[in-house]
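This report refers to the structure that appears directly beneath it.
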2 protein chains.
Amino acid sequence: MARVTIKEIARRAGVSKGAVSYALNNQPGVSEATRARVLKVAAELEWVPNRAARQLSAARSETFGLVLARTAKTLGEEPFSMGFVGGVESVLARTSYALALQVVADLPAELATYRQWAAERRVDGVIVVDLRVEDPRIPLLRKVGLPAVLVGDPSLADGMACVWTDGTSAMNAAVEHVASLGHRAVARVAGTPEHGHVWIRDQAFTAASLRLGLDVQVVHTDFSAEEGATATRALMTANPRPTAIIYDNDLMAVAGLAVVQELGLRSPHDVTLVAWDDSTLCRHTHPTLTAMSHNIVGYGAEVMCRLLDLLDGARPQAHLYSTPLLIVRDSSGPPPP
Amino acid sequence: MARVTIKEIARRAGVSKGAVSYALNNQPGVSEATRARVLKVAAELEWVPNRAARQLSAARSETFGLVLARTAKTLGEEPFSMGFVGGVESVLARTSYALALQVVADLPAELATYRQWAAERRVDGVIVVDLRVEDPRIPLLRKVGLPAVLVGDPSLADGMACVWTDGTSAMNAAVEHVASLGHRAVARVAGTPEHGHVWIRDQAFTAASLRLGLDVQVVHTDFSAEEGATATRALMTANPRPTAIIYDNDLMAVAGLAVVQELGLRSPHDVTLVAWDDSTLCRHTHPTLTAMSHNIVGYGAEVMCRLLDLLDGARPQAHLYSTPLLIVRDSSGPPPP
DNA sequence: CGTCGTTACTTAACCGGTTCGGCAATCCAG
DNA sequence: CTGGATTGCCGAACCGGTTAAGTAACGACG
């Protein structure tokens with residue numbers, strides 16, 4: 001079964017290669033009758049365009065890129081990346097675009113990947129996650145001219161297209177929740193402060209606690225279950241200890257809950273726990289975990305749509321996706337007397 | 001900054017396009033002096049080969065494909081896929097190959113993707129996960145001539161290259177573990193029996209329990225935390241109830257543990273729980289979970305290496321990657337009296 | 001010294017599309 | 001009825017590589 005090319009279609013339809021190309025791409029230059037005939041022949045022969053050939057002449061790769069700077073191990077553990085990728089794919093499936101996913105070790109490797117992709121013309125655009133404060137990826141992408149949608153706050157995006165969730169409002173909601181339960185000593189187990197969303201939540205946490213007159217502390221971690229557990233152990237064995245802890249993801253919250261139990265304490269009786277991101281994990285612990293919930297899959301889908309818009313000529317804009325919603329579950333309660 | 005092509009290199013080095021190609025690809029046909037000169041010019045101009053052009057003439061895409069038939073949501077929750085992808089990428093990073101990842105809804109969509117990829121010559125080979133009993137993907141891949149490495153038992157691979165872990169031995173170890181603790185009523189919360197590895201574990205579970213004279217039952221689920229919880233609740237509220245439960249992944253085991261606690265029972269006092277896959281989650285529950293541990297990242301890496309071998313002309317073989325190792329943790333104990 | 005075989009290139013075709021310039025045929029206005 | 005614009009299609013160049021075929025120069029050998 002030899003490959004079917006437009007040359008073969010041209011032969012069978014009795015027209016030239018050029019005419020076939022116009023017909024197949026819905027471009028003017030052929031009559032409706034001819035177009036129909038060509039489409040019919042193409043369908044009969046089950047013609048599929050050759051990506052490489054199209055890319056070579058049209059200078060479009062029909063591929064988008066996504067780089068994840070994480071170790072392979074982390075990738076398997078945190079629920080965000082995969083859900084996000086799933087959302088991106090759900091939009092892509094309806095188009096002829098493909099996704100090039102690259103997992104690299106660190107930020108320099110990520111920058112190198114963008115350089116490589118730009119030079120090879122491998123992708124038509126990229127999605128940038130884990131936006132940082134003073135992110136070096138922004139000037140690089142500008143320089144090499146790769147269209148991009150950033151996932152993160154407009155204040156960090158320097159005018160590039162971005163999609164964000166309102167971390168400040170969400171953090172306010174979380175802090176107000178525990179404050180309204182009567183908590184005064186509140187801790188935050190945060191991720192790495194280089195990440196923009198962590199930084200923003202740090203600011204919001206401090207501001208909210210100041211406003212509400214709370215006694216707070218922040219511990220920074222690398223987002224892993226290990227460090228979430230370690231941080232929780234340190235907090236809960238100190239004197240005095242916090243009566244509420246707000247985590248930056250749900251993996252750390254789950255690990256934190258285990259530590260609380262291991263210390264012979266109970267949630268919410270001894271401590272109120274609030275998770276972030278709300279994967280199903282939070283609904284399948286005992287007690288179930290209060291969480292700031294957002295739709296990660298939908299987030300990925302939204303970002304992909306915005307990138308498609310950008311390629312369609314839309315000018316770069318900041319899009320608010322949604323504000324994480326507080327879901328109160330069994331790990332919320334009043335502080336111990 | 002115009003794109004640099006081999007034509008430009010040829011002009012500057014004072015040779016023809018063809019000679020440049022030979023030089024850059026380490027092929028005979030040019031003198032060492034010329035080769036060195038060409039390489040120097042190419043380096044100076046920061047030449048990067050154009051993938052599309054190379055693919056068009058060489059009929060290789062330098063891309064491998066991986067299709068995941070899962071909902072976007074599931075993807076974010078189960079620790080296997082992402083860890084596996086991470087392992088695959090860790091090998092790919094050392095080559096010039098890229099990974100095309102496609103997330104689709106179901107098996108028919110997955111088959112369609114392979115057809116499409118084969119027709120477009122989009123990938124040079126694919127990795128096939130979630131091998132099934134009588135898997136329809138095997139004949140399709142044979143027909144369209146896509147080189148593939150299957151992830152699953154040789155008994156299901158029909159002679160195609162595959163990498164597997166010894167589920168039978170692992171299940172034996174798990175059952176012998178709980179039997180040696182004195183358990184006689186053992187349940188298995190399994191995934192969907194269409195999946196080859198589930199089927200193999202089902203067989204092994206039945207055989208082992210027969211051999212050891214245990215009183216067993218099997219509940220099939222869709223691998224989700226929800227159904228893991230439901231199954232556990234059904235098992236633990238029945239009379240008589242099992243004193244040990246072996247799960248097919250760790251998500252269900254974690255959810256099962258929560259149900260046990262919610263029912264006012266304790267592990268291991270009232271029931272011994274054994275998880276499968278052993279992501280870090282198992283070390284961060286209270287009690288920590290006994291699990292059949294295997295290195296998912298390494299598994300992905302191994303599979304990728306075998307696919308590279310296959311493309312290098314190795315003949316299709318079955319490779320045993322490793323046998324999951326029993327890690328005994330706090331959720332293991334003797335049955336209640 | 002003629003011939004044969006290597007070596008080191010050059011030339012040109014080719015991969016499968018897109019796209020531009022040009023040329024009849026047709027249409028319409030003057 | 002004529003001139004200019006429009007329509008519909010053809011032929012060819014082009015994208016940036018790879019590779020088969022051809023050739024000139026040179027050394028070895030009978």
Side-chain angles (χ1 to χ4, degrees), chain A residues 1-39 41-42 45-63 96 98 116-122 124, chain B residues 1-39 41-42 45-63 96 98 116-122 124:
Chain A
M1 175 166 75
R3 242 168 112 38
V4 14
T5 69
I6 58 167
K7 194 161 139 192
E8 176 67 13
I9 298 176
R11 203 180 59 76
R12 298 223 193 183
V15 291
S16 71
K17 257 174 68 176
V20 171
S21 179
Y22 290 135
L24 292 171
N25 291 302
N26 263 332
Q27 293 217 324
V30 288
S31 66
E32 278 314 310
T34 306
R35 187 191 304 281
R37 188 155 39 91
V38 167
L39 288 175
V41 174
L45 297 180
E46 297 184 350
W47 174 81
V48 179
N50 180 310
R51 267 195 135 84
R54 176 167 284 175
Q55 179 176 346
L56 185 56
S57 49
R60 281 176 300 112
S61 66
E62 303 246 298
T63 301
S96 64
Q116 175 89 11
W117 279 354
E120 286 183 328
R121 299 280 192 274
R122 264 222 87 215
D124 296 339
Chain B
M1 176 166 72
R3 238 166 117 41
V4 14
T5 69
I6 58 168
K7 194 161 140 192
E8 176 65 15
I9 298 177
R11 203 180 58 77
R12 298 221 193 184
V15 290
S16 71
K17 253 176 68 177
V20 172
S21 179
Y22 290 135
L24 292 171
N25 292 301
N26 264 330
Q27 292 217 322
V30 288
S31 65
E32 277 313 311
T34 307
R35 185 189 305 281
R37 188 156 37 93
V38 168
L39 289 175
V41 173
L45 298 179
E46 297 184 350
W47 173 81
V48 179
N50 180 310
R51 267 193 137 84
R54 178 168 281 174
Q55 179 176 347
L56 186 55
S57 50
R60 281 175 299 111
S61 66
E62 303 246 299
T63 301
S96 64
Q116 175 89 11
W117 280 355
E120 286 183 328
R121 298 280 190 276
R122 262 222 90 213
D124 297 339

* Student check: side-chain heavy atoms of A/Ile9 and A/Leu45 closer than 4.5 Å -> yes

* **Given DNA chain C, 5'-ward residue of the pair B/Arg35 and B/Leu56, judged by closest heavy atom** => B/Arg35

* Rounded to whole angstroms, how far apart are CD on A/Glu62 and P on D/dC15? -> 20 Å

* To do: Would you kindly give the CD1-to-P distance between B/Ile6 and D/dT19, to the nearest whole Å?
  => 11 Å

* Over how many whole Å does the gap from B/Glu120 atom CD to C/dG17 atom C1' extend? -> 13 Å

* Structure fact -> Whole-Å distance, B/Arg51 CZ to C/dG17 C1', equals 20 Å

* To do: Could you work out which one of C/dC9, C/dG17, D/dG17 sits closest to the side chain of B/Thr34?
  => C/dC9

* Structure fact -> Whole-Å distance, B/Arg11 CZ to C/dT10 C1', equals 18 Å

* Does B/Thr5 have a side-chain nitrogen or oxygen under 4.0 Å from the phosphate oxygens OP1 or OP2 of D/dC15? -> no

* **Side chain to side chain, A/Arg11 and A/Glu8, heavy atoms closer than 4.5 Å** => yes

* Do the non-hydrogen side-chain atoms of B/Val20 and B/Lys7 ever get within less than 4.5 Å of each other? -> no

* If only side-chain N and O atoms of B/Trp47 are considered, is one of them under 4.0 Å from the OP1 or OP2 phosphate oxygen of D/dG17? -> yes

* Asked: Atom CG of A/Asn50 to atom P of C/dT18: distance rounded to whole Å?
  -> 10 Å

* Do B/Val30 and B/Val38 have side chains that get closer than 4.5 Å, going by heavy atoms? -> no

* Beyond-backbone contact of B/Glu46 with B/Val4, side-chain heavy atoms, under 4.5 angstrom -> no

* Asked: Under 4.5 Å between any side-chain heavy atoms of B/Arg122 and B/Ser61, yes or no?
  -> no

* Asked: Rounding to a whole Å, what distance do you find between A/Gln55:CD and C/dG17:C1'?
  -> 12 Å

* Starting at OG1 of A/Thr63, measure out to CZ of B/Arg51 and round the result to the nearest 0.5 Å. => 10.0 Å

* Figure out the CZ/C1' separation between B/Arg60 and D/dT19, and round it to whole Å. => 12 Å

* Asked: For D/dG16, does either OP1 or OP2 sit under 4.0 Å from a side-chain N or O belonging to B/Arg54?
  -> no

* Mind running a 4.0 Å heavy-atom check of residues 14-28 of chain A against DNA chain C and sending the residues that fall below it, in number order? => A/Lys17, A/Gly18, A/Ser21, A/Tyr22, A/Asn25

